Protein chains: 2
Amino acid sequence: MEAAVRLFAGKGFDNTSVRDVAKAAGVNVAMISYYFGSKEKLLEAIFIKYITTMRAKLEEIVFASNVTPAEKIDRILESYIDTIAANRHFHLLMVREQGVMKNKIMYDGVKSLKLKNTSLIKGAIKAGAKAGIFKKNVDITILGLTVFGTINQAFNTQRFLCEQYRINPENEAEFLKVIIPRLKTHLKEVVRSYLLVKESDK
Amino acid sequence: MEAAVRLFAGKGFDNTSVRDVAKAAGVNVAMISYYFGSKEKLLEAIFIKYITTMRAKLEEIVFASNVTPAEKIDRILESYIDTIAANRHFHLLMVREQGVMKNKIMYDGVKSLKLKNTSLIKGAIKAGAKAGIFKKNVDITILGLTVFGTINQAFNTQRFLCEQYRINPENEAEFLKVIIPRLKTHLKEVVRSYLLVKESDK
DNA sequence: ATGAAAATTAAACAAGTGTTTGATTAATTA
DNA sequence: TAATTAATCAAACACTTGTTTAATTTTCAT
């Protein structure tokens, strides 16, 4: 499954043959059908595994009670970025495949992740709105587009970003070292300045 | 090419056979090799055509001299959203295929578009920074992730958004009518509140 | 109207696909 | 240890893929 996720993310599900996966995993081709049933089912197993992992990571986000709503948002954003970065191969695969997805199990899995994310953010924003420091009536769905769109775009345009920052595209560790802090700083700043009620509106 | 772009965007390049394209276009399969050389070259032709179109649209963005820097940014963002929405099938295809892309002509075309975008935004921001109303030292590359990430995410998660807004997913016109104004309002607000120097920093 | 060029076609082609088979080896259990 | 089950494999299978062929039709300038 690890070999498959890497290959699928790297060159797409359809453009990866079961023979590629078998070779990368060091097993016989027939084993994939034997253990997973089919190539499609292998993808399904991958989705179930990673979505479970990522859901668990999201559940872990602890809300310390003595932090400001703004800090809560910061922590959520950092957790998103770290979790996605840690599972970036799968995440890329998911982003790329979700538009094409016909499989209900996988689609529903992705949807449940999105809803989980939305409710997480919604809770934090409501607290801030009640405290009078965040805007009210924020469209969380659209704000989610910005949060996940930004993160997805970062990992989906890795090659382009490496060129921009003069990083060797093979050196993934270096890429992460450069992009993750920037992403965190930027996204926190963007979301915070968007949510905060402006002085002029007071 | 129109039939191809629709199919490629709908179910992926690799998952669309030349026979699918031929049938959708109402021509014989052999015509694709005859006129384009190969399936890959067809994709290349599509990229060249649409990237040219979109570049031209970007060039068209007129900078009225008597508008504020903030209004300039607003206009650029609106143009982006309108242009991408008008070419959304191709744009989806491009976003989805860019991570997997090995073809140099296509990769370079996409890159040139990105650089064009970046320089467009950069110009507008510099003007605002000089006028003292925008932050200085903004990382335009990262800001670009947010702008295009948000727009891409909107079109890439169309089905999910339709569910959220209770739109019939088949009704594309309705989806556009709902999402485009929201996207414009949101993105302008996000970018503007991010760029503006805060009262507290004055 | 005629002949060369272009357009279009159904059929064939080779290569690659995911999957299954049937035989062989390894592991487990009684 | 013997019998049973599970794991692994190379080979074969049926099917789809993108592309080419060779024959036919259409176009169009002469």
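Numbered from 1 within each chain, the chains take letters A, B, ... in sequence-line order. Fair warning: this is a prediction, and the values are worked out from it, not measured in the lab.
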(request) Give a yes or no answer on whether the side chain of B/Tyr80 reaches the backbone of B/Asn117 with a donor-acceptor pair at less than 3.5 Å. (result) yes
(request) Between C/dT8, D/dT19, D/dA10, spot the one nearest the side chain of A/Asn28, thanks. (result) D/dA10
(request) Would you kindly compare A/Asn15 and A/Gly37 by the position of their nearest DNA chain C nucleotide and give the one closer to the 5′ end? (result) A/Asn15
(message) In this structure, how many angstroms lie between the C1' atom of D/dT17 and the CG atom of B/Asp20, rounded?
(response) 11 Å
(request) Please state how far atom NZ in B/Lys11 lies from atom C1' in D/dT17, giving the value in whole angstrom units. (result) 13 Å
(message) Please tell me if B/Ser38 has a side-chain N or O lying less than 4.0 Å from either OP1 or OP2 of D/dG18.
(response) no
(request) When you get a sec, tell me which of C/dT19, D/dT19, C/dT8 is the closest nucleotide to the side chain of B/Met31? (result) C/dT8
(message) Nearest to the A/Ala30 side chain among D/dT20, C/dG18, C/dT20, which nucleotide is it?
(response) C/dT20
(request) Classify the nucleic acid contact of B/Ser33 as base, sugar-phosphate or nothing, counting any heavy atom under 4.0 Å across all strands shown. (result) base
(request) Grab the CG-P distance between A/Leu43 and C/dT19 for me, whole Å please. (result) 12 Å
(request) May I ask you to check if B/Lys135 and B/Tyr194 form a cation-pi contact, with NZ or CZ under 6.0 angstrom from the six-membered ring centre and within 45° of the axis? (result) yes
(request) Report yes or no: does A/Arg96 contribute a side-chain atom to a donor-acceptor pair with the main-chain N or O of A/Ala9 at less than 3.5 Å? (result) yes
(message) Using heavy-atom distances to pick each residue's nearest nucleotide on DNA chain D, tell me which of A/Gly26 and A/Arg19 is more 5'.
(response) A/Gly26
(message) Check B/Lys114 with A/Glu163, please: is the shortest side-chain N to carboxylate O separation under 4.0 Å?
(response) no
(request) Name the nucleic acid region contacted by A/Tyr35, choosing base, sugar-phosphate or nothing; use a 4.0 angstrom heavy-atom cut-off, strictly under. (result) sugar-phosphate
(request) Give me the one residue out of A/Ile151, A/Ile73, A/Asp74 that meets side chain to side chain contact (heavy atoms under 4.5 Å, CB included) with A/Leu187. (result) A/Ile151
(message) Rounded to whole Å, please give me the gap between NZ in B/Lys23 and C1' in C/dA10.
(response) 15 Å
(request) Return the value, rounded to whole Å, for the distance between atom CZ of A/Phe36 and atom P of C/dT20. (result) 15 Å
(request) Send over the distance from A/Glu44 CD to C/dG18 P, rounded to a whole Å. (result) 17 Å
(message) With a 4.0 Å cutoff (strictly under), does any side-chain N or O of B/Tyr34 reach OP1 or OP2 of C/dT8?
(response) no
(request) For B/Lys41 and D/dT20, give me the distance from atom NZ to atom C1', rounded to whole Å. (result) 15 Å
(message) Whole angstroms only, please: what is the CD-P distance between A/Glu40 and C/dT17?
(response) 17 Å
